[in-house]
Trainee: 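Mind having a look at this structure? Questions to follow.
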Amino acid sequence: MAGKRAIKTLQENLKLTLQPQKFLSYADFVYRTSVFSALKLRNSGNTVVNDITVSVTSEESIILPGSHTIEEIPYSTSVEVVFDYILSPVYFIECEEVKTVGFNVTVTREKSVLINERVESTVLPFDYWSGLEGNSENLAYFVRPKLADCDRVIADAA
(Lines give C-alpha, C1' and ligand atoms only; values in the text may rest on other atoms or scores of the structure.)
Protein backbone atom coordinates (compact mmCIF):
# COMPACT_ATOMS: atom_id res chain seq x y z
CA MET A 1 0.00 0.00 0.00
CA ALA A 2 2.87 2.36 0.76
CA GLY A 3 4.10 1.85 -2.81
CA LYS A 4 0.78 3.01 -4.26
CA ARG A 5 0.76 6.02 -1.95
CA ALA A 6 4.32 6.93 -3.02
CA ILE A 7 3.37 6.68 -6.70
CA LYS A 8 0.27 8.81 -6.17
CA THR A 9 2.42 11.43 -4.40
CA LEU A 10 4.87 11.42 -7.31
CA GLN A 11 2.02 11.80 -9.81
CA GLU A 12 0.76 14.81 -7.88
CA ASN A 13 4.20 16.43 -7.51
CA LEU A 14 5.60 15.91 -11.01
CA LYS A 15 4.38 18.21 -13.77
CA LEU A 16 5.33 17.75 -17.40
CA THR A 17 5.54 20.82 -19.64
CA LEU A 18 5.92 20.00 -23.29
CA GLN A 19 5.55 21.99 -26.44
CA PRO A 20 6.17 20.23 -29.75
CA GLN A 21 7.36 22.04 -32.85
CA LYS A 22 4.29 23.16 -34.79
CA PHE A 23 5.74 21.87 -38.07
CA LEU A 24 8.35 19.21 -38.80
CA SER A 25 10.07 18.70 -42.15
CA TYR A 26 13.17 17.15 -43.68
CA ALA A 27 14.96 20.44 -43.04
CA ASP A 28 14.46 19.83 -39.30
CA PHE A 29 16.27 16.51 -39.68
CA VAL A 30 19.12 18.16 -41.61
CA TYR A 31 19.49 20.96 -39.06
CA ARG A 32 18.99 18.51 -36.17
CA THR A 33 16.11 20.45 -34.71
CA SER A 34 14.52 18.98 -31.62
CA VAL A 35 10.97 17.64 -31.89
CA PHE A 36 10.08 19.70 -28.81
CA SER A 37 10.71 23.39 -28.34
CA ALA A 38 10.12 22.79 -24.63
CA LEU A 39 10.16 19.58 -22.61
CA LYS A 40 10.50 20.12 -18.88
CA LEU A 41 9.74 18.06 -15.83
CA ARG A 42 8.98 19.97 -12.61
CA ASN A 43 9.16 18.54 -9.12
CA SER A 44 6.77 20.67 -7.05
CA GLY A 45 7.12 18.43 -4.00
CA ASN A 46 9.36 18.97 -1.00
CA THR A 47 11.58 15.91 -1.53
CA VAL A 48 14.16 14.93 -4.14
CA VAL A 49 12.89 12.57 -6.86
CA ASN A 50 15.35 9.97 -8.18
CA ASP A 51 15.59 7.69 -11.21
CA ILE A 52 12.87 9.05 -13.49
CA THR A 53 12.73 7.90 -17.12
CA VAL A 54 11.18 10.03 -19.86
CA SER A 55 10.34 8.19 -23.11
CA VAL A 56 9.14 9.47 -26.46
CA THR A 57 7.39 7.25 -29.00
CA SER A 58 5.15 7.65 -32.04
CA GLU A 59 2.73 5.33 -33.80
CA GLU A 60 4.36 6.38 -37.07
CA SER A 61 8.04 5.90 -37.82
CA ILE A 62 8.79 9.65 -37.80
CA ILE A 63 11.02 9.34 -34.74
CA LEU A 64 13.38 6.77 -33.42
CA PRO A 65 12.03 5.74 -30.01
CA GLY A 66 14.16 7.14 -27.25
CA SER A 67 14.35 7.49 -23.52
CA HIS A 68 16.25 9.69 -21.13
CA THR A 69 16.92 8.85 -17.49
CA ILE A 70 17.04 11.67 -14.97
CA GLU A 71 19.06 10.67 -11.94
CA GLU A 72 17.79 13.39 -9.66
CA ILE A 73 15.25 16.21 -9.65
CA PRO A 74 15.73 18.43 -6.60
CA TYR A 75 12.61 19.65 -4.86
CA SER A 76 10.90 22.76 -6.24
CA THR A 77 12.94 22.74 -9.46
CA SER A 78 12.51 21.94 -13.14
CA VAL A 79 14.74 19.82 -15.33
CA GLU A 80 14.86 20.23 -19.09
CA VAL A 81 14.87 16.97 -21.01
CA VAL A 82 16.63 17.04 -24.39
CA PHE A 83 16.07 14.44 -27.09
CA ASP A 84 18.51 15.23 -29.88
CA TYR A 85 18.56 13.70 -33.33
CA ILE A 86 15.58 11.38 -33.08
CA LEU A 87 13.88 12.33 -36.37
CA SER A 88 13.91 9.67 -39.09
CA PRO A 89 15.00 10.93 -42.54
CA VAL A 90 13.32 8.00 -44.29
CA TYR A 91 9.91 9.10 -43.04
CA PHE A 92 10.27 12.58 -44.54
CA ILE A 93 11.55 11.27 -47.88
CA GLU A 94 8.53 8.96 -48.18
CA CYS A 95 6.02 11.56 -46.94
CA GLU A 96 3.97 12.84 -49.89
CA GLU A 97 1.25 14.88 -48.18
CA VAL A 98 0.82 17.19 -45.21
CA LYS A 99 -0.33 15.16 -42.20
CA THR A 100 -0.62 15.31 -38.45
CA VAL A 101 1.34 12.85 -36.33
CA GLY A 102 1.19 12.21 -32.60
CA PHE A 103 3.93 11.74 -30.06
CA ASN A 104 3.52 9.97 -26.74
CA VAL A 105 5.64 11.21 -23.86
CA THR A 106 5.74 8.86 -20.89
CA VAL A 107 7.34 9.49 -17.50
CA THR A 108 8.04 6.35 -15.47
CA ARG A 109 9.75 5.26 -12.31
CA GLU A 110 10.48 1.59 -11.66
CA LYS A 111 7.95 0.40 -14.28
CA SER A 112 5.18 2.60 -12.85
CA VAL A 113 3.74 5.15 -15.27
CA LEU A 114 3.56 8.55 -13.59
CA ILE A 115 2.62 10.74 -16.55
CA ASN A 116 1.51 9.86 -20.08
CA GLU A 117 0.74 12.70 -22.50
CA ARG A 118 0.12 12.85 -26.22
CA VAL A 119 0.91 15.85 -28.43
CA GLU A 120 0.73 16.43 -32.18
CA SER A 121 2.77 18.13 -34.89
CA THR A 122 2.14 18.75 -38.56
CA VAL A 123 4.57 16.89 -40.82
CA LEU A 124 5.43 18.40 -44.17
CA PRO A 125 6.51 16.52 -47.31
CA PHE A 126 10.13 16.48 -48.39
CA ASP A 127 10.09 19.71 -50.42
CA TYR A 128 7.69 21.81 -48.30
CA TRP A 129 8.57 24.81 -46.16
CA SER A 130 6.50 25.66 -43.08
CA GLY A 131 6.26 29.34 -43.93
CA LEU A 132 6.46 32.10 -41.37
CA GLU A 133 4.38 30.14 -38.85
CA GLY A 134 7.16 27.58 -38.49
CA ASN A 135 10.91 27.91 -38.15
CA SER A 136 11.80 30.57 -40.73
CA GLU A 137 15.50 29.62 -40.52
CA ASN A 138 14.68 26.36 -42.30
CA LEU A 139 14.19 28.33 -45.52
CA ALA A 140 17.97 28.24 -45.93
CA TYR A 141 17.69 24.51 -46.59
CA PHE A 142 15.82 25.20 -49.84
CA VAL A 143 18.11 27.99 -51.09
CA ARG A 144 21.20 27.15 -53.10
CA PRO A 145 23.82 29.84 -53.64
CA LYS A 146 25.10 30.65 -57.12
CA LEU A 147 28.31 28.81 -57.94
CA ALA A 148 30.04 31.98 -59.16
CA ASP A 149 29.34 33.74 -55.84
CA CYS A 150 30.69 30.75 -53.91
CA ASP A 151 33.84 30.67 -56.03
CA ARG A 152 34.43 34.37 -55.32
CA VAL A 153 34.04 33.88 -51.54
CA ILE A 154 36.38 30.89 -51.58
CA ALA A 155 38.94 32.82 -53.65
CA ASP A 156 38.78 35.78 -51.25
CA ALA A 157 39.23 33.46 -48.27
CA ALA A 158 42.29 31.79 -49.80
Side-chain angles (χ1 to χ4, degrees), residues 10-11 14-44 49-73 77-158:
L10 280 174
Q11 289 173 329
L14 289 177
K15 304 292 181 232
L16 182 65
T17 303
L18 62 136
Q19 185 175 25
Q21 297 288 349
K22 187 172 182 178
F23 297 99
L24 292 171
S25 69
Y26 187 77
D28 291 303
F29 166 76
V30 171
Y31 291 125
R32 299 178 186 243
T33 305
S34 177
V35 173
F36 301 99
S37 56
L39 178 59
K40 295 181 182 180
L41 193 57
R42 178 162 179 74
N43 177 9
S44 60
V49 177
N50 297 314
D51 302 321
I52 297 292
T53 301
V54 180
S55 304
V56 178
T57 58
S58 179
E59 295 86 23
E60 309 230 10
S61 59
I62 186 170
I63 62 169
L64 306 172
S67 63
H68 183 74
T69 301
I70 303 169
E71 294 179 14
E72 178 179 278
I73 305 175
T77 60
S78 293
V79 174
E80 185 170 5
V81 183
V82 178
F83 285 95
D84 286 332
Y85 320 127
I86 61 173
L87 290 172
S88 171
V90 176
Y91 184 86
F92 291 106
I93 291 170
E94 295 173 351
C95 182
E96 295 180 356
E97 60 186 20
V98 176
K99 60 174 104 174
T100 301
V101 297
F103 301 100
N104 297 314
V105 180
T106 308
V107 178
T108 59
R109 181 176 185 204
E110 299 174 359
K111 299 181 183 179
S112 297
V113 175
L114 304 174
I115 302 171
N116 189 15
E117 288 194 28
R118 178 179 164 79
V119 292
E120 295 180 337
S121 287
T122 302
V123 176
L124 304 174
F126 182 75
D127 58 350
Y128 273 48
W129 177 51
S130 59
L132 296 176
E133 292 181 32
N135 185 354
S136 59
E137 294 173 358
N138 282 356
L139 180 59
Y141 174 75
F142 299 101
V143 178
R144 297 185 192 254
K146 293 181 181 177
L147 187 56
D149 293 340
C150 291
D151 288 340
R152 189 172 347 124
V153 169
I154 291 170
D156 290 346

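Numbering of residues begins at 1 and proceeds along the displayed sequence.
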Trainee: Show the nearest heavy-atom pair for residues Gly102 and Ser58, with the distance to one decimal.
Mentor: O-OG, 2.9 Å
Trainee: Nearest 0.5 Å please: distance from the OG1 atom of Thr108 over to the CG atom of Asp51.
Mentor: 10.5 Å
Trainee: To the nearest 0.5 Å, how far apart are CD in Gln19 and OG in Ser37?
Mentor: 3.5 Å
Trainee: Might you confirm whether atom CD of Glu59 has over 12 heavy atoms from other residues, nucleotides or ligands at distances under 6.0 Å?
Mentor: yes
Trainee: Rounded at 0.5 Å granularity, tell me how far CZ in Arg42 sits from OG1 in Thr17.
Mentor: 9.0 Å
Trainee: Report yes if some heavy atom in the side chain of Tyr91 is under 4.5 Å from a heavy atom in the side chain of Val101; otherwise report no.
Mentor: yes
Trainee: What's the spacing between Thr57 OG1 and Asn116 CG if we round to 0.5 Å?
Mentor: 8.0 Å
Trainee: Can you give me the closest heavy-atom contact between Glu117 and Leu16, atom names plus distance?
Mentor: OE2-O, 3.9 Å
Trainee: How far apart are the closest heavy atoms of Ser34 and Gln21, and which atoms are they?
Mentor: O-CG, 3.2 Å
Trainee: Run Phe92 and Leu24 through side chain to side chain contact (heavy atoms under 4.5 Å, CB included) and show every step you take.
Mentor: CA-CA 9 Å; Phe92 291 106; Leu24 292 171; 4.2 Å; yes
Trainee: Once rounded to the nearest 0.5 Å, what's the spacing between atom CD of Glu60 and atom OG of Ser88?
Mentor: 11.5 Å
Trainee: Do you know the tightest heavy-atom contact between Val82 and His68?
Mentor: O-ND1, 4.4 Å
Trainee: Determine whether more than 12 heavy atoms belonging to other residues, nucleotides or ligands lie under 6.0 Å from atom NZ of Lys40.
Mentor: no
Trainee: Report the C-alpha separation of Phe36 and Val81 in whole Å, then their side-chain angles, then the decisive distance to 0.1 Å, and conclude whether the side chain to side chain contact (heavy atoms under 4.5 Å, CB included) test is met.
Mentor: CA-CA 10 Å; Phe36 301 99; Val81 183; over 6 Å; no
Trainee: With rounding to the nearest 0.5 Å, note down the distance linking OG1 in Thr33 to CG in Leu87.
Mentor: 7.5 Å
Trainee: Could you tell me whether the side chain of Val98 reaches within less than 4.5 Å of the side chain of Pro125, counting heavy atoms only?
Mentor: yes
Trainee: Do you know which two heavy atoms are closest between Val113 and Gln11, and how far apart they sit?
Mentor: O-NE2, 3.2 Å
Trainee: Quick one, Ile62 with Phe103, criterion side chain to side chain contact (heavy atoms under 4.5 Å, CB included). Give me CA distance, side-chain angles, the key distance, then yes/no.
Mentor: CA-CA 9 Å; Ile62 186 170; Phe103 301 100; 3.7 Å; yes
Trainee: Do Val49 and Leu41 have side chains that approach each other closer than 4.5 Å (heavy atoms only, starting at C-beta)?
Mentor: no
Trainee: Which pair of heavy atoms, one from Tyr26 and one from Pro89, lies closest together, and at what distance?
Mentor: CE1-CB, 3.9 Å
Trainee: Side chain to side chain contact (heavy atoms under 4.5 Å, CB included) between Leu14 and Asn43: does it pass, once the steps are laid out?
Mentor: CA-CA 5 Å; Leu14 289 177; Asn43 177 9; 4.1 Å; yes
